[in-house]
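Written out below as structure tokens is the structure these notes cover.
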Amino acid sequence: MDKMPAWADAVLVPLISILLAAVLSALVILAIGENPVDASKLMVEGALMRSAGWGYTLYYTTNFIFTGLCVAVAFHAKMFNIGGEGQAMIGGLGVALVCLFIPFPHWSIALLVATLAAGAFGALWALIPAYLQAKRGSHIVITTIMFNFIAAAVLNYVLVNVLRPQGAMDPATAKFPEATQLPTFQDMFATAENPLFRGSPANVTFFLAVLACVAFWFLMWRTKLGYEIRAFGHSESAARYAGISPVRITIVAMLISGGLAGMMALNTTMGEAERLVMNATEGAGFIGIAVALMGRSHPVGIFLAALLFGFLYQGGAELALWTNIPRELITVIQALVILFTGALDNMVRMPLERIFMATRRRNG
């Protein structure tokens, strides 16, 4: 018998962890001489109470959905892919190449081809660490961390020496052709009478991220491959006995993981900047680890966790703009959320398990 109901594990544990992180965050804000209630109101107002704020929140959420799903696939196969940042960088290179060198008649066709390119480039960047893990026993954590730095160096070289336009100073490509530029939420939903999402970068790739959540659920819980990935993650020896190849599952799971990370670049490169720039990922590959942990590697949980971190990113920007609270404090708040939902998960889980078991004994 499970020590705790599934709903409590999925809802209560993360919720209590978030509340504990919020309490500690409030104490930190008090310590620097600011009012935590006013700070919370400003975050909510800036991130959720205006359409432009929602546009930025959903823009960040889109990034975190893709990187959260990337990490979750690897988690299900009992691997820790920390390379989402580098895989997203290389995915952006794939997006840039197809947008700059293929003459597309319409953004919808450009988005389809760019999605394939982003996924393929991200997957290929994950292939070498996957092969080294599957065939040579190299630890996936070490190799994916190394490949983040290699990806940054490769991207820097390409932007400075290959794709930078003649006479330009900043390491970035030329602006993508107009036919490849994706419709923003402002384009889709604003009218002359109701100018929604004014100036916000949220775009059509948000809906692609939602579709990725649905596809992830279908893959993991409705296909043979998903069953094999989960079986391998639960017990490698049992999977071997059932005829599941550890080498194949390791490589396939990492290819899917890298492909999802690469697709994040659609939002930052094609949707927002409309060109490839350095540091476009802005740490989203690492935030994806927290999103997957907090979302229990389930697409619904990942969506909600990504929305929370999107709120923290946009709310933090509002705090930095309108108060004396430094932008770095939001990093502290994010770290506290990660700490309680990840590293200190058992601090919440174990007391809850004891409460539920005591309740069962009294009722049984």
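Note: hydrogens, waters and symmetry copies are ignored here, and every other heavy atom, side chains too, is used.
- Checked against side chain to side chain contact (heavy atoms under 4.5 Å, CB included), Leu255 has the following partners two or more places apart in sequence or in another chain: Ala123, Leu127, Ile251.
- Listed by first and then second residue, the salt bridge (charged side-chain N to carboxylate O under 4.0 Å, His left out) pairs involving residues 245-266 are Glu228-Arg248 (not counting sequence neighbours).
- Note that CG of Leu42 is 6.0 Å distant from CD of Glu318, once rounded to the nearest 0.5 Å.
- The closest side-chain heavy-atom distance from Pro246 to Arg240 is below 4.5 Å.
- Put simply, the side chain of Ile249 reaches to within 4.5 Å of the side chain of Leu225, judged on heavy atoms.
- Judged by distance alone, the side chain of Thr269 and the main-chain N or O of Leu266 form no donor-acceptor pair under 3.5 Å.
- When the side chains of ILVMFWY residues are joined at heavy-atom separations under 4.5 Å, either directly or via intervening members, Leu124 and Phe66 end up in two distinct hydrophobic clusters.
- Residue Ile109 comes nearest to Pro105 through the heavy atom pair CD1-CG, 3.7 Å, listed as atom of the first residue, atom of the second, then distance.
- The CG atom of Leu196 sits 9.0 Å away from atom CZ of Phe189, with the distance rounded to the nearest 0.5 Å.
- Asn148 places a side-chain N or O within donor-acceptor distance of the main-chain N or O of Gly86, the cut-off being under 3.5 Å.
- Val95 and Val113 fall into different hydrophobic clusters, where Ile, Leu, Val, Met, Phe, Trp and Tyr are joined by side-chain heavy atoms under 4.5 Å apart, directly or via other members.
- Met79 CE to Thr250 OG1: the interatomic distance, rounded to the nearest 0.5 Å, is 5.0 Å.
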- Candidate pair Asn81 and Val71, rule side chain to side chain contact (heavy atoms under 4.5 Å, CB included), full reasoning: CA-CA 6 Å; Asn81 179 14; Val71 175; 5.5 Å; no
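- Here ring pair (Phe, Tyr, Trp, His ring centres under 6.0 Å) pairs that include residues 80-133, with residues two or more places apart or in two chains, are Phe75-Phe80, Trp125-Phe147.
- The shortest heavy-atom contact between Met254 and Ala126 is O-CB, 3.4 Å.
- Within the 3.5 Å criterion, the main-chain N or O of Met220 finds a donor-acceptor partner in the side chain of Arg230.
- For the pair Gln186 (side chain) and Ser200 (backbone), a donor-acceptor distance under 3.5 Å is absent.
- Here Tyr227 is tied to no hydrophobic group at all, with no ILVMFWY side chain closer than 4.5 Å.
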In residues 201-209, what donor-acceptor pairs under 3.5 Å come from side-chain atoms, sequence neighbours left out?
from	atom 1	to	atom 2	distance (Å)
Asn203	OD1	Thr205	N	3.0
Asn203	OD1	Thr205	OG1	2.5
Asn203	ND2	Pro201	O	3.0
Asn203	ND2	Asn267	OD1	3.0
Thr205	OG1	Asn267	OD1	2.9

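- Linking Ile, Leu, Val, Met, Phe, Trp and Tyr residues whenever their side-chain heavy atoms come within less than 4.5 Å places Leu100 and Leu159 in a single cluster.
- Of the possible polar contacts, none joining the Ser257 side chain to the Ala253 backbone as a donor-acceptor pair under 3.5 Å is found.
- Sorted by first then second residue, the salt bridge (charged side-chain N to carboxylate O under 4.0 Å, His left out) pairs that include residues 79-98, not counting sequence neighbours, number zero.
- Residues Val98 and Ala117 approach most closely at CG1-CB, 3.7 Å, considering heavy atoms.
- Closest of all the heavy-atom pairs between Ile65 and Cys213 is CG2-SG, 3.6 Å.
- A 6.0 Å sphere centred on CE of Met350 holds no more than 12 heavy atoms belonging to other residues, nucleotides or ligands.
- Taking each heavy atom of Gly262 and Ala118 in turn, the nearest pair found is O-CB, 3.4 Å.
- A continuous path of hydrophobic side-chain contacts links Leu48 to Leu321 [ILVMFWY only; heavy atoms under 4.5 Å].
- Pairs engaging residues 30-43 under the salt bridge (charged side-chain N to carboxylate O under 4.0 Å, His left out) rule: none recorded [sequence neighbours left out].
- Judged by distance alone, the side chain of Thr281 and the main-chain N or O of Ala284 form no donor-acceptor pair under 3.5 Å.
- The nearest pair of heavy atoms linking Leu93 to Leu276 is CA-CD2, 3.8 Å.
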- Task: Check the pair Thr143 / Ile128 against side chain to side chain contact (heavy atoms under 4.5 Å, CB included), numbers first and verdict last.
- Result: CA-CA 9 Å; Thr143 52; Ile128 300 174; over 6 Å; no
- Candidate pair Arg50 and Glu45, rule side chain to side chain contact (heavy atoms under 4.5 Å, CB included), full reasoning: CA-CA 7 Å; Arg50 298 191 303 268; Glu45 173 72 23; 3.7 Å; yes
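- Interatomic distance, CG of Leu116 versus CG of Leu111, reported as 9.5 Å (0.5 Å rounding).
- The ring pair (Phe, Tyr, Trp, His ring centres under 6.0 Å) pairs that include a residue from residues 35-61 are Tyr60-Tyr313, where partners are two or more places apart or lie in different chains.
- Judged by distance alone, the side chain of Thr67 and the main-chain N or O of Gly84 form no donor-acceptor pair under 3.5 Å.
- Separating the CD1 atom in Ile150 from the CE atom in Met89 is a distance of 12.0 Å, to the nearest 0.5 Å.
- Around CH2 of Trp221, the count of heavy atoms belonging to other residues, nucleotides or ligands within 6.0 Å exceeds 12.
- Among pairs with a residue in residues 267-293, those fulfilling salt bridge (charged side-chain N to carboxylate O under 4.0 Å, His left out) read Asp170-Arg275, Lys175-Glu274, at least two apart in sequence or across chains.
- Under a hydrophobic clustering in which Ile, Leu, Val, Met, Phe, Trp and Tyr are joined whenever their side-chain heavy atoms come within less than 4.5 Å, directly or via other members, Val44 and Trp322 fall into the same cluster.
- Expressed to the nearest 0.5 Å, how far NZ of Lys78 lies from OG of Ser235 amounts to 7.5 Å.
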Review item, side-chain donor-acceptor pairs of residues 14-29, under 3.5 Å, at least two apart:
from	atom 1	to	atom 2	distance (Å)
Ser17	OG	Val13	O	2.8
Ser17	OG	Phe340	O	3.4
Ser25	OG	Ala21	O	2.7

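- Taking Ile142 as the reference, His139, Met146 meet the side chain to side chain contact (heavy atoms under 4.5 Å, CB included) condition, with sequence neighbours excluded.
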Would you tabulate the side-chain donor-acceptor contacts of residues 287-312 under 3.5 Å, counting partners in other chains and residues two or more places apart, or write 'none'?
from	atom 1	to	atom 2	distance (Å)
Arg296	NH1	Leu293	O	3.1
Arg296	NH2	Asp345	OD1	3.2
His298	ND1	Val300	N	3.2

